[in-house]
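Notes to accompany the following structure.
The analysis underlying the following values was restricted to heavy atoms, covering all of them including side chains, and did not include hydrogens, waters or symmetry mates. Along the sequence shown, residues are numbered consecutively beginning with 1.
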Amino acid sequence: MELSSFLCICLAVYRVSAETGLADEFQPSVKASCVGGTMTIRVDTALPFDGVVHGPNRTEPGCSVRGKGGLKTYLKIDLGVPAGLTGSCGVKYNPDTEERRVAIGVRAHNTIELLEDRLYVVTCGKT
């Protein structure tokens with residue numbers, strides 16, 4: 001019985017991967033910079049991107065952006081919004097290191113969560 005369960009799981013994973021066709025090709029590159037009061041997160045993709053880039057709460061206003069079929073997608077976060085308030089996008093500040101960090105989801109599809117979706121923690125600090 002265990003072998004059949006394992007095979008079903010493997011086939012299900014293969015089927016999802018084969019249906020989306022993105023498993024090997026969806027390898028986004030993520031870079032962040034903090035200039036002035038804005039954290040800019042740039043997502044580069046090899047194929048046109050129609051998915052979504054978002055912070056921990058993807059429904060929070062100003063904390064997500066949908067791809068428009070380009071190879072570069074930008075999410076800009078206002079660092080002037082205090083932590084915990086709407087629009088802070090889950091950015092954490094470390095006063096000892098003066099670094100800011102945020103968890104970012106890069107999703108291949110704008111509404112469906114897929115196996116190939118990627119999660120990152122991006123950091124930028126004082127130089």
Might you work through the side chain to side chain contact (heavy atoms under 4.5 Å, CB included) test for V102 and M39, ending with a clear yes or no?
CA-CA 10 Å; V102 65; M39 177 186 279; 3.7 Å; yes
Assess whether side chain to side chain contact (heavy atoms under 4.5 Å, CB included) is satisfied between L79 and V81, documenting all intermediate values.
CA-CA 5 Å; L79 297 175; V81 179; over 6 Å; no
Kindly determine whether S33 and K31 satisfy side-chain hydrogen bond (donor to acceptor under 3.5 Å, both in side chains), including the steps that lead there.
CA-CA 7 Å; S33 66; K31 296 174 179 68; over 6 Å; no
Chi angles and distances behind the side chain to side chain contact (heavy atoms under 4.5 Å, CB included) call for V106, F26:
CA-CA 10 Å; V106 180; F26 189 65; 3.7 Å; yes
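Without hydrogens or angle criteria, D50 side chain to G69 main chain gives a donor-acceptor distance under 3.5 Å. Of the possible polar contacts, one joining the D117 side chain to the A108 backbone as a donor-acceptor pair under 3.5 Å is found. Put simply, the side chain of E60 gets close to the backbone of G87: a donor and an acceptor are under 3.5 Å apart. Looking at R42, its side chain never comes within 3.5 Å of a backbone N or O of T40 through a donor-acceptor pair.
Using a 4.5 Å heavy-atom cutoff, the side chains of N57 and C63 are not in contact. In this structure, T38 and I77 have side chains that are not in contact, with every pair of non-hydrogen atoms separated by 4.5 Å or more. Within the 4.5 Å cutoff, side-chain heavy atoms of I41 are placed close to those of V30. The side-chain heavy atoms of E116 and E25, taken from C-beta on, include no pair separated by under 4.5 Å. Under the 4.5 Å side-chain criterion, counting only non-hydrogen atoms from C-beta, R58 is in contact with R107. Contact of the L75 side chain with the I104 side chain is registered, since non-hydrogen atoms from C-beta on lie closer than 4.5 Å. At least one side-chain heavy atom of E98 sits less than 4.5 Å from a side-chain heavy atom of Y93. Here the side chains of L71 and F49 are not in contact, with every heavy-atom distance at 4.5 Å or above.
Distance check: L115 CG to E113 CD gives 10.5 Å after rounding to the nearest 0.5 Å. Of the inter-residue distances, the one linking E99 atom CD with N94 atom CG reads 6.5 Å to the nearest 0.5 angstrom.
Between G70 and T45, the shortest heavy-atom contact is O-OG1, 3.8 Å. C89 approaches G62 most closely through the heavy-atom pair SG-O, 3.8 Å. The shortest heavy-atom contact between A103 and P56 is O-CD, 3.4 Å.
Hydrophobic clustering (ILVMFWY, side-chain heavy atoms < 4.5 Å, transitive): V122 and V65 are in one cluster.
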